[in-house]
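Working notes, beginning with the structure itself.
For ligands, and for the atoms within them, numbers begin at 1 and follow the listed sequence. Model, not experiment: these values are computed from the prediction.
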Amino acid sequence: MLRRRLFHTLTHFCPRIQQTETSLLSGFPCPLQHGHRSAWHGTKSDVPDVRERTLIAVKPDGVQRRLVGQIIQRFEQRGFKLVGLKMLKASEDLLSEHYCELRTKPFYHSLLSYMTSGPVVAMVWEGHNVVQTSRIMVGHTNPAEAQTGTVRGDFSTHVSRNVVHASDSLEGAQREIQLWFQANDLLDWDCCDQTSTSDV
Ligand code: DAT
Ligand code: MG
């Protein structure tokens, strides 16, 4: 709350910062998030991070095994806010962008064929430190190494069927959210327990 008030005071004197908030609200890139932090004259911790967003996707095996509800429940229970949700059959074009860093891996083609084999439920979740926390909630890429209590540790056994995707960095999350969602697919809304889950 305090940080938000400070933010609004600053925007009064510097309308450029207002643009930044609009971008943060929408979950889409803004000057601040793309290496122009100097305009803010501050560090990352000065930025109101309650608007941090990440992409979580239940993969075709998770949908087939009717795990969507349980996965959503974990994120709700943790205190994150759902701001975007859609079910789709992802195209190869979308997935080749999404997994562009894996193009040279031996499993790339089987990964794409599995990811296009059935519906995916893509979601954008918002909240304090959501990128890092959701990676911990999802667990190790290889379910054999994932801890019990994580999604992969509780619901999967093999790396090629690890149930869920979670963005691995702030930059990755921004890139992936833009890939999977249009700006107007995402909803800004006030969650009534917001002040009980964060002080921002
Ligand atoms: P993560 O999904 O944890 O971010 P990643 O980005 O390295 O992991 O890989 C993306 C997906 O590719 C991963 O969720 C499952 C698949 N994958 C990774 N390593 C694999 C392997 N050795 N064999 C088969 N599939 C693999
Ligand atoms: Mg990854």
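- The nearest pair of heavy atoms linking Val83 to Glu126 is CG1-OE1, 3.7 Å.
- Relative to the six-membered ring of Trp189, Lys81 meets both conditions, a distance below 6.0 Å and an angle of at most 45° to the axis.
- Salt-bridge check for Glu176 with Arg53: failed, with every basic side-chain N at 4.0 Å or more from each acidic carboxylate O.
- Taken from CD1 in Ile56 to CH2 in Trp180, the straight-line distance is 12.0 Å, to the nearest 0.5 Å.
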May I have the N/O to N/O pairs between ligand 1 and the protein that fall below 3.5 Å, each with atom names and distance to one decimal?
from: ligand 1; atom 1: 2 (O); to: Arg152; atom 2: NH2; distance (Å): 3.0
from: ligand 1; atom 1: 3 (O); to: Arg135; atom 2: NH2; distance (Å): 3.3
from: ligand 1; atom 1: 3 (O); to: Thr141; atom 2: OG1; distance (Å): 2.5
from: ligand 1; atom 1: 3 (O); to: Arg152; atom 2: NH1; distance (Å): 3.0
from: ligand 1; atom 1: 4 (O); to: Arg135; atom 2: NH1; distance (Å): 2.8
from: ligand 1; atom 1: 4 (O); to: Arg135; atom 2: NH2; distance (Å): 3.4
from: ligand 1; atom 1: 8 (O); to: Thr141; atom 2: OG1; distance (Å): 3.2
from: ligand 1; atom 1: 14 (O); to: Lys59; atom 2: NZ; distance (Å): 2.8
from: ligand 1; atom 1: 14 (O); to: Asn162; atom 2: ND2; distance (Å): 2.8

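- Between Asp185 and Lys86, at least one side-chain N (NZ, or NE/NH1/NH2) sits under 4.0 Å from a carboxylate O, which counts as a salt bridge.
- Using cut-offs of 30° and 60° for the angle between ring planes, the Phe80 and Phe75 rings count as tilted.
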